[in-house]
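Please read all numbers here as calculations on a predicted model, not as lab measurements. Labels below follow one simple rule: chain letters A, B, ... track the order of the sequence lines, proteins then strands, and each chain is numbered from 1.
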2 protein chains.
Amino acid sequence: MKIPSSYYISDYKLPLEEYFVFGLSVDCVVFGYHEGEIKVLLVQRDAEPFKGHWALIGDLVEPDQNLRDAANNVLEKLTGLKNIYMKQFFTFGSVDRHPVGRVVTVGYFSLVNSIDYHPIASSWAKSAEWFNINDLPELAFDHQNILSKGIETLKNEVRHKPTGFELLPSKFTLLELQQLYEALLGYKFDKSNFRKKILEMNILKPLNEVKEKVSHRPAKLFKFDEKRYRALEKEGFSFEL
Amino acid sequence: MKIPSSYYISDYKLPLEEYFVFGLSVDCVVFGYHEGEIKVLLVQRDAEPFKGHWALIGDLVEPDQNLRDAANNVLEKLTGLKNIYMKQFFTFGSVDRHPVGRVVTVGYFSLVNSIDYHPIASSWAKSAEWFNINDLPELAFDHQNILSKGIETLKNEVRHKPTGFELLPSKFTLLELQQLYEALLGYKFDKSNFRKKILEMNILKPLNEVKEKVSHRPAKLFKFDEKRYRALEKEGFSFEL
DNA sequence: ATACTTAAAGTAAAAAGTACTATAAGTAAA
DNA sequence: TTTACTTATAGTACTTTTTACTTTAAGTAT
């Protein structure tokens, strides 16, 4: 790359060209929820470095590719899913975090509402699996660190934003919602009070449907009313659980 | 850079070396507080591109420098300050955000407890000034965007974490604290109730000192008790205002 | 018909939040 | 030295929210 001389300013130790030597990647912490457990999607690497180790899904960013596109791409390649909730949470750039060179990685977390997706094996991944976030294998690179920060961010975010709904199917019962939050936050709610609190927020749209194929009284199904939430948020409402 | 052939994996469009072409920078949103107003520190550029425009303080990261070090460096060079509260909040990487090439920038926000620091002119900055966050000039690059995100992050964070204290001198009165929060959150508190609420949290250490040189009854001074806060946080306490 | 499970509504007591009042402690001006 | 003025600090009555618990309803399975 040629940089116009007018752009040169005095303080740099190196010629300006030599600052354009960073590699950039994205890594996605993909969260799922199944039967009371928060899961994360990991792949087993089939390429050096760290061949055989479990890792987050991620990839180098193309020089002409935006970060979010890169992250969406990674997820779509592995799961076939588009339009998934995805949020940048932190950037990891330790000098020695990657054995090949200076690679800075931008961490995204995404939430999928079913763990039934069939992860697709790729040239660099032997297999893909969902792991309970409390029972994780050893990870490649600094992915342990990235994953921890991702989990922390998720746990923090679900308390103040209605992000958690992304982990449930679009139609859910109040008990399912409660159990999700119990898994996320690590403590129990009183059933009656949880129901009262969440309904009074007015961000759930009751459906004229009930849960099917249960051997007891079926519960009503609800949908998260995003439009309503956005409107309430503008008036100063803030989601808290 | 030479990359071992064993690291090559099939999917890449380009030779692996050609992914190491990114520039990396840090930009700091430096917040200050003075007489009821939240301020941000901007510099007027004295170098291309955007010569003459106001901008956030920031710089390219050296190839062997960690992100946080780069951010601390930038701040120290301009203000002479070390050990300032600093937090990474978002990474901006649009393909076309920088006219010279692909430069990804990591945004940090920092909070300083006085705006009396004498910003130091540097080779690329004509002057430095504190601006009220509600009355900002036009900014260089995508700094408007970075700054907005920084402000949003700050306003969000101060509601759930005791971050706000970083904007006050280490000794402060309850009224000063209240006024800071009124500026941050944009609404008024009842004096008596604010005092009661914050004191009952047990995270303020009362000092045996009072505010001096005031022409009325002087208020007691307090310190934020970080140790205590950390301990309470572990027990499940969470700061909310 | 009966037992069992979960849904859903209700309720009383406790806790927290709100609006407001009263008094104390200082400075400054008369 | 008195008086006016400003802000600190404590207190209080009232309202709202939260919490812990009880009751009843609605379904399935035997």
Indicate, with a heavy-atom threshold strictly under 4.0 Å, whether B/Lys220 touches base, sugar-phosphate, or nothing.
sugar-phosphate
Distance alone, cut at 3.5 Å: any donor-acceptor contact between the side chains of A/Asn132 and A/Asp135?
no
Checking A/Glu152 against A/Lys155 for the salt bridge (Lys or Arg N to Asp or Glu O under 4.0 Å) test, could you report, in this order, the C-alpha distance in whole Å, the side-chain angles of both residues, the deciding distance, and whether it holds?
CA-CA 5 Å; A/Glu152 188 194 321; A/Lys155 288 190 173 176; over 6 Å; no
Between B/His216 and A/Pro218, whichever has its closest DNA chain D nucleotide further toward 5' is B/His216
Are B/Glu240 and B/Arg159 close enough, and set up right, to give a salt bridge (Lys or Arg N to Asp or Glu O under 4.0 Å), and what steps lead you there?
CA-CA 6 Å; B/Glu240 301 283 337; B/Arg159 302 186 57 228; 5.7 Å; no
Taking any heavy-atom pair under 4.0 Å as a contact, classify A/Leu175: base, sugar-phosphate, or nothing.
sugar-phosphate
Complementary nucleotide for C/dA30 - Watson-Crick or wobble, under 3.5 Å:
D/dT1
Does B/Tyr108 have its ring centroid less than 6.0 Å away from the ring centroid of B/Phe89?
no
Value in whole Å for how far the C1' atom of C/dT6 lies from CD of A/Gln179:
11 Å
Whole angstroms only, please: what is the CD1-C1' distance between B/Ile198 and D/dA10?
18 Å
Please report, rounded to the nearest Å, how far the P atom of D/dT7 is from the CD atom of B/Glu176.
13 Å
Whole-Å gap separating P (C/dA19) and CZ (B/Phe189):
12 Å
Per-nucleotide protein contact along nucleotides 15-24 of chain D, 5' to 3', at a 4.0 Å heavy-atom cut-off (B base, S sugar-phosphate only, - neither), is ----BBB---
Take the protein atom CG of A/Leu177 and the nucleotide atom P of C/dA7, then report the distance between them rounded to whole Å.
13 Å
What about the rings of A/Phe189 and A/Tyr187, do their centers lie closer together than 6.0 Å?
yes
Inspect the contact between B/Lys196 and B/Glu200 and indicate whether a charged nitrogen and a carboxylate oxygen are less than 4.0 angstrom apart.
no
